[in-house]
Amino acid sequence: MLPRLRFRLPSLPIAFTLPTAFFTGVLLTLCFPSLTPYFRPYLPFLYRSWRAQKDDRNAIAGAGLQSGKSGRSRGIAMEDHESEEEESDDEGRGSGASKSKARTAVEIGEGLESCVGNTPLFRIKSLSDETGCEILAKAEFLNGGGGSPKDRVALNMIKTAEQQGLLTPHNGDTIYEGTVGSTGISLATVCRARGYKAHICMPSDVATEKSDLLLKLGAIVERVQPASIIDPDHFVNRARRLAVEHSADPCKPGRGYFADQFENEANWMAHLEGTGPEIYKQCGGKLDAFVAGAGTGGTIAGVATYLKGEMGVGGVKIVLADPQGSGLYNKITNGVMFNATEREGTRRRHQVDTIVEGIGINRVTANFEVGRELIDDAIKVTDSQALAMARCNGSRPQDRDHLV
């Protein structure tokens, strides 16, 4: 390996240095072709030396330090931060040590269930800018199970059943449920995570994408003809009957458990213990109104119960947004469960007469009844209004006028 060459000119007055550098350059230019064979082995080393010095200067500048006239960095004072941290820890070891550990520790969740809840709250820019009000949305689609608020319900129903001794994981137990899709998807996902089988009964007129997804999640899916809730073949009643038959059949492994999301108190309790406190904390305890739809009624009942308890009955307004065909709007405003589409000969579907799936109902459930007295107002949302709002939120500001 060739030795590394270093060239250093003596300190000379500027008046003498500049002419000398000029004539030296001319001399090197004229003689360089004949000297090239002698200097060629040293060129890579000279280039690396130049790059190293340039990198050092850039690093010093990036650190906010200053360099001397010769390009060499000035002295840097070394500080002992470790001893300072030890002293501060000794002074307040209780709180200081825990905060330090909290900053460095990496939180690792236990299973899929740890991805349910604690969803972010975000500002809807289009609506907030148009109305002058701060309109926030809870990003429940970021729940890690089925991507909906039903993940909270499914997980809490299963946990409650386990605590009551009604379910035993990895024992062949099967969970039966009647649903239009969202709860079924959440149940199928959580069941696989906790060691259960899922058997879902759903109306045949809901989107086929939901049943296709359920099948991919390993659930057994039955699409039944839509019927009234008093009909034994209604999808909810069928799920209940299949659960009873499973438990009574000695040839089938495990037990059958009917989740019963409409009447199961674990539904609204999931939102009382999770969704409500999250919203209250994320808003800093300051919000004027909470607006939600209702199917089983668990979300609006649980959140309303928590918010009214924390902020007082008059501290926050709870508003129900009810789709067309549902009777909950009249139940809140007039005290009667009825909708105009219930008139004989006017109904197009056996369920709620709307294209919006998953919310709206024409009977009072146990979950809804828990929070019914806490609901201050209700508004009816037509299908055309729902479609226009969906398009409005995803459009450019200049394109919104004809959509609203």
Side-chain angles (χ1 to χ4, degrees), residues 145-158 160-161 166-167 172-249 251-267 294-298 325-326 347 349-354 356-368:
S148 79
K150 295 299 184 180
D151 289 349
R152 301 174 184 266
V153 177
L155 182 59
N156 199 46
M157 289 193 300
I158 292 176
T160 302
L166 301 176
L167 285 173
D173 291 355
T174 301
I175 298 177
Y176 293 83
E177 180 60 314
T179 170
V180 296
S182 297
T183 304
I185 293 170
S186 296
L187 275 173
T189 306
V190 178
C191 279
R192 287 185 67 88
R194 297 186 74 88
Y196 301 104
K197 297 178 181 178
H199 189 122
I200 306 300
C201 298
M202 60 194 312
S204 58
D205 60 349
V206 301
T208 56
E209 290 82 359
K210 293 181 179 180
S211 58
D212 291 343
L213 178 56
L214 285 167
L215 291 171
K216 290 180 174 65
L217 291 171
I220 299 173
V221 181
E222 285 191 44
R223 295 177 66 95
V224 301
Q225 287 294 324
S228 170
I229 186 63
I230 62 175
D231 192 318
D233 291 328
H234 184 274
F235 65 98
V236 173
N237 296 333
R238 178 164 178 77
R240 180 187 292 108
R241 185 172 68 253
L242 290 174
V244 174
E245 293 175 355
H246 183 136
S247 297
D249 190 346
C251 297
K252 290 186 176 181
R255 293 168 291 184
Y257 172 74
F258 176 51
D260 197 13
Q261 60 167 325
F262 291 94
E263 312 299 330
N264 194 330
E265 287 193 351
N267 183 340
T296 64
S326 174
R347 198 180 205 189
R349 300 178 65 190
H350 289 276
Q351 287 186 274
V352 178
D353 195 6
T354 177
V356 181
E357 295 181 353
I359 59 173
I361 197 171
N362 284 306
R363 70 179 191 275
V364 177
T365 66
N367 282 282
F368 184 80

Shortest non-hydrogen contact between Cys201 and Phe235, atoms and distance: CB-O, 3.5 Å
In short, Met202 meets Val221 closest at the heavy-atom pair SD-CG1, 3.8 Å
Here the gap from Ile229 atom CD1 to Thr365 atom OG1, rounded to the nearest 0.5 Å, amounts to 10.5 Å
Side-chain donor-acceptor contact under 3.5 Å, Thr296 with Gln261: no
List the steps and the verdict of side chain to side chain contact (heavy atoms under 4.5 Å, CB included) for Thr160 and Asn156. CA-CA 6 Å; Thr160 302; Asn156 199 46; 4.1 Å; yes
CG on Leu167 to CD1 on Ile175, rounded to 0.5 Å: 5.0 Å
Residues that Tyr176 engages under ring-ring contact (aromatic ring centres under 6.0 Å, His included), provided they are two or more places apart: His199, His246
For a side chain to side chain contact (heavy atoms under 4.5 Å, CB included) check, start with the C-alpha distance between Asp233 and Val224, then their side-chain angles and the critical distance, and finish with the verdict. CA-CA 8 Å; Asp233 291 328; Val224 301; over 6 Å; no
Heavy atoms of Val190 and Ala154 approach each other most closely as CG2-CB, 4.4 Å
Spell out, as yes or no, whether a donor-acceptor pair under 3.5 Å connects the side chain of Asp151 to the backbone of Gly147. yes
What's the shortest heavy-atom distance between Tyr257 and Met157, and which atoms? OH-O, 4.1 Å
Separation between CG of Asn267 and OG1 of Thr183, rounded to the nearest 0.5 Å: 7.5 Å
Looking at Ala198, is its backbone amide N or carbonyl O close enough to the side chain of Thr174 to form a donor-acceptor pair, meaning the two atoms are under 3.5 Å apart? no
So salt bridge (Lys or Arg N to Asp or Glu O under 4.0 Å) across residues 214-232, not counting sequence neighbours, yields Glu222-Arg238
Could you pull out the closest heavy-atom pair between Phe258 and Gly178, with the gap in Å? CE1-N, 4.4 Å
Would you mind listing every salt bridge (Lys or Arg N to Asp or Glu O under 4.0 Å) that reaches into residues 188-202, with sequence neighbours excluded? Glu113-Arg194, Glu162-Arg194
Leu166 vs Asp173, side chain to side chain contact (heavy atoms under 4.5 Å, CB included): CA-CA, chis, key distance, verdict: CA-CA 9 Å; Leu166 301 176; Asp173 291 355; over 6 Å; no
From Asp212 CG over to Leu217 CG, what is the distance, rounded to the nearest 0.5 angstrom? 11.0 Å
I'd like to know whether Ser148 forms a side chain to side chain contact (heavy atoms under 4.5 Å, CB included) with Ile185, so could you lay out the CA-CA distance, the side-chain angles of the two residues, the decisive distance to 0.1 Å, and finally the verdict. CA-CA 9 Å; Ser148 79; Ile185 293 170; over 6 Å; no
Starting at OG of Ser186, measure out to CG of Leu155 and round the result to the nearest 0.5 Å. 10.0 Å
Is a side-chain N or O of Glu177 found less than 3.5 angstrom from the main chain of Gly184, in a donor-acceptor match? no
Looking at every non-hydrogen atom in both residues, tell me the closest pair between Leu214 and Ala188 and how far apart they are. CD2-CB, 3.9 Å
Between OG of Ser247 and CZ of Arg255, what distance do you get to the nearest 0.5 Å? 7.5 Å
Any non-hydrogen side-chain atom of Ile361 less than 4.5 Å from a side-chain atom of Phe368? no
